[in-house]
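Step one of this worksheet: look at the structure below.
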Protein chains: 2
Amino acid sequence: MQKKYLNIYEDLVKQIESNVWPVSSLLPSENDLTSHYNTSRETIRKALNLLSQNGYIQKIRGKGSVVIDSHKFSFPVSGIESYTELADKLQLETRTIVHSLGYLDTNHDIAKLLRSDPSDNIWDVERIREISGEKIIFDKDYFNEKYVPLLSKEICEQSIYDHLENNLGLVISFAQKEIVVEEPTEEDRKLLDLEGFSNVVVIRSQVYLDNASLFQFTESRHRPDKFRFVDFARRVKN
Amino acid sequence: MQKKYLNIYEDLVKQIESNVWPVSSLLPSENDLTSHYNTSRETIRKALNLLSQNGYIQKIRGKGSVVIDSHKFSFPVSGIESYTELADKLQLETRTIVHSLGYLDTNHDIAKLLRSDPSDNIWDVERIREISGEKIIFDKDYFNEKYVPLLSKEICEQSIYDHLENNLGLVISFAQKEIVVEEPTEEDRKLLDLEGFSNVVVIRSQVYLDNASLFQFTESRHRPDKFRFVDFARRVKN
DNA sequence: TTGCAAAACTTGTATATACAAGTTATACTA
DNA sequence: TAGTATAACTTGTATATACAAGTTTTGCAA
């Protein structure tokens, strides 16, 4: 089915990003948009709520929808984005080195958590991200074989997420993430160009599918000087 | 006005947190909830969408609303929460030391950005957070005098946000945040118990009010071993 | 018993209406 | 002219209906 409100949302995003509605100006009123898109007000409101959630506008009762400067802190790095998508967006000169690709040890804690059946094998993919010739990020990804039956060096060098979504038809839905700062391990020191830094930033996440089943563990270890996390947050009233 | 959908949301949150609906079980169907709360399905859906956005449930078409384990990574530290609220939630043994309280230099970059009128003064509050006897966090907050006419040492020792929202009636709405890792400054070394750590985690944010006006700049400098950022994210389809 | 089609559920989208509540512009009054 | 009340906007909430689309259960037929 054609999702009207999604089309309208995407259309408005395009317009905001191309400055049709500049920062701190007002979007057309809901009634104007309703007649312009030839739809109902509720459908317009669904689109506007998406814009609000994603930091494009602030709705003010009685006034209208103010366009927010979503680029104040440059590019958003929050949400669930794969490295490839990010590198693409930021136009990084990047290279991915597949350090290892195989099955995780059966007794490993992560294996136990990802396994739904004792016979399931768990993929263990370790990759190094080189940016402008420097080894900056060390990524470890764990998948249940049940969802990802086959992984090749080629897929891992390109984009695993692209493979999952476009070839396997998996629908990645939500994630719980944790960011901490740790001492580099021996492995970090060996694989990354740490340049004497005595800390790494570690992002651990649990990724879930559409049907709320746990699907992936990720550990992403960054050289601290190249790390940056950008977020848009709305205050939650209690 | 009584906001039905908000009441229902809060009621369901309470129920989920007290395990009336355990993790990975299904909530009652929208129709059941509709008749239980004696309201319309759309109102129920508004409440459920809030639950979904805040990481309590995952909606599955044709099936129902699955309760998600929102405590996998313990407590959420994302969103916009003041230090006091957080310390309260985590029951930290904490003390706030007001290091300085005054007006920011007129030529400072931040002053220029926060000022709407050349005559506006900008508050500059610098505080140290002591947790279990160790000086862990160094917070710098900047407010426009236009919104916050008076700040006392007492208010800063308690909770500024509490003062803003409950005494001044300001409605904090959204923020753009940035997390990076930096070298400690001389000031950091002097004011914090860095224990030899050679990095600090810096969280900078711009906070906006209800009416989309820029209201506050914040810089929060953490000892890296005590820093932890937890987030719930939904994948945004393009 | 097994397999399969249909029915009975579930959530998702689109529409319409009514009124509440906040903001801005208008027009009238002193 | 200045101030104020009103009207005409704006978004927010609540309700009802209809159908689409996905999942599970039911029950019938082979």
Side-chain angles (χ1 to χ4, degrees), chain A residues 1-12 21 24-53 56-68 169-171 173-174 208-213 234-235 237, chain B residues 1-12 21 24-53 56-68 169-171 173-174 208-213 234-235 237:
Chain A
M1 192 216 183
Q2 272 281 45
K3 292 181 186 173
K4 270 197 183 182
Y5 75 97
L6 248 183
N7 291 336
I8 295 170
Y9 164 73
E10 284 162 7
D11 196 40
L12 290 172
W21 317 109
S24 74
S25 71
L26 290 172
L27 289 188
S29 78
E30 295 179 351
N31 282 326
D32 288 354
L33 291 171
T34 297
S35 52
H36 177 266
Y37 285 103
N38 196 25
T39 180
S40 67
R41 187 172 156 226
E42 280 303 315
T43 300
I44 292 295
R45 284 175 62 76
K46 275 187 193 165
L48 292 182
N49 282 335
L50 271 183
L51 288 174
S52 170
Q53 277 172 44
Y56 287 101
I57 62 170
Q58 170 74 4
K59 304 197 79 183
I60 305 176
R61 164 181 267 193
K63 254 189 125 178
S65 299
V66 182
V67 178
I68 288 173
L170 295 175
V171 181
S173 182
F174 63 95
Y208 294 78
L209 296 178
D210 217 8
N211 60 358
S213 57
R234 289 198 171 271
R235 177 146 172 94
K237 323 268 194 317
Chain B
M1 192 213 183
Q2 273 278 45
K3 293 181 185 173
K4 270 197 183 183
Y5 75 96
L6 248 181
N7 291 335
I8 296 170
Y9 164 72
E10 283 161 8
D11 196 39
L12 291 173
W21 317 111
S24 74
S25 71
L26 290 172
L27 288 188
S29 76
E30 295 179 351
N31 282 325
D32 288 354
L33 292 171
T34 298
S35 52
H36 178 266
Y37 285 104
N38 195 26
T39 179
S40 67
R41 189 173 154 225
E42 280 304 316
T43 300
I44 293 294
R45 285 175 62 75
K46 274 186 194 166
L48 292 182
N49 282 335
L50 270 183
L51 288 174
S52 170
Q53 277 171 45
Y56 287 102
I57 61 170
Q58 171 73 4
K59 304 198 79 184
I60 305 176
R61 166 181 268 195
K63 252 187 127 177
S65 298
V66 182
V67 178
I68 289 173
L170 296 175
V171 181
S173 182
F174 63 96
Y208 293 78
L209 295 178
D210 216 12
N211 60 358
S213 57
R234 290 199 171 271
R235 178 147 172 94
K237 324 266 193 318

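Each chain gets a letter, A, B and so on, in the order the sequences are listed, and its residues count up from 1. Remember, it's a predicted structure, so these values are computed and weren't measured experimentally.
When each of B:Lys59, B:Gln58, B:Arg234 is paired with B:Ser52, the side chain to side chain donor-acceptor pair (under 3.5 Å) condition holds for B:Arg234 and for no other. With B:Ile57 as the partner, the side-chain contact (heavy atoms from CB on, under 4.5 Å) test is satisfied by one option alone out of B:Ile68, B:Leu27, B:Leu50: B:Leu27.
Distance check: B:Asn7 CG to B:Gln2 CD gives 5.0 Å after rounding to the nearest 0.5 Å. Note that CG of B:Asp210 and CZ of A:Arg61 are 10.5 Å apart. Values are rounded to the nearest 0.5 Å. One finds the NE2 atom of B:His36 at 14.5 Å from the CG atom of B:Asn31 (value rounded to the nearest 0.5 Å).
Residue A:Thr39 places none of its side-chain N or O atoms closer than 4.0 Å to OP1 or OP2 of C:dA14. Within the 4.0 Å cut-off from OP1 or OP2 of D:dT11, not a single side-chain nitrogen or oxygen of A:Arg45 is found. One finds no side-chain N or O of A:Thr43 lying less than 4.0 angstrom from the OP1 or OP2 phosphate oxygen of C:dT13.
Distance, A:Lys4 NZ to D:dA18 C1': 14 Å, rounded to whole Å. Computed from coordinates, the B:Gln2 CD to C:dA21 C1' distance equals 15 Å when rounded to whole Å. Regarding A:Tyr5, its OH atom lies at a distance of 9 Å from the P atom of C:dG12, rounded to whole Å. In this structure, CD1 of B:Ile57 is placed 11 Å from C1' of C:dT11, rounded to the nearest angstrom. Per the geometry, CZ belonging to A:Arg41 stands 15 Å off C1' belonging to C:dA14, to the nearest Å. Atom-to-atom, CD of B:Glu42 to P of D:dG12 comes out at 16 Å; the value is rounded to the nearest Å. The distance from atom CG of B:Leu50 to atom C1' of D:dG12 is 14 Å, rounded to the nearest whole Å. The nearest whole Å value for the distance from the CG atom in A:Asn49 to the C1' atom in D:dT11 is 11 Å.
When side chains are defined from C-beta on, A:Leu209 does not count as touching A:Ser173, because their heavy atoms never get closer than 4.5 Å.
Side-chain atoms of A:Ser213 and A:Asn211 include a donor-acceptor pair closer than 3.5 Å. There is a side-chain donor-acceptor pair under 3.5 Å between A:Asp11 and A:Tyr37.
The stretch residues 25-35 of chain A touches DNA chain D through A:Ser29, A:Glu30, A:Asn31, each having a heavy atom under 4.0 angstrom from the strand. DNA chain C is contacted by B:Lys59, B:Ile60, B:Arg61, B:Gly62, B:Lys63, B:Gly64 of residues 59-67 of chain B, taking any non-hydrogen atom closer than 4.0 Å.
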List, with names and distances, any nitrogen or oxygen atoms from the protein found under 3.5 Å away from nitrogen or oxygen atoms belonging to nucleotides 3-5 of chain C.
none

Short N/O separations, protein against nucleotides 4-7 of chain D, under 3.5 angstrom:
none

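Between the B:Ser35 side chain and the B:Asn38 main chain, no donor and acceptor come within less than 3.5 Å of each other. Not a single donor-acceptor pair under 3.5 Å links the side chain of A:Thr43 to the backbone N or O of A:Thr39. With A:Asn49 contributing its side chain and A:Arg45 its backbone, the two residues share a donor-acceptor pair below 3.5 Å.
Taking each heavy atom of B:Ile8 and B:Ala47 in turn, the nearest pair found is CG2-CB, 3.8 Å. Shown here for A:Leu33 and A:Pro28, the closest heavy-atom pair between the two residues is CD1-O, 3.6 Å. Here the closest heavy-atom approach between residue B:Ser24 and residue B:Val66 is recorded as CA-CG1, 3.7 Å.
Among residues two or more places apart in sequence or in another chain, the side chain to side chain contact (heavy atoms under 4.5 Å, CB included) test is passed with B:Ser25 by B:Trp21, B:Pro22, B:Val67.
Rounded to 10°, the angle separating the first-five-pair axis and the last-five-pair axis of the helix from C:dT1-D:dA30 to C:dA30-D:dT1 equals 10°.
Taking the six-membered ring where tryptophan is involved, the planes of B:Tyr208 and B:Phe174 are essentially parallel, since the angle between them stays under 30° and well short of 60°.
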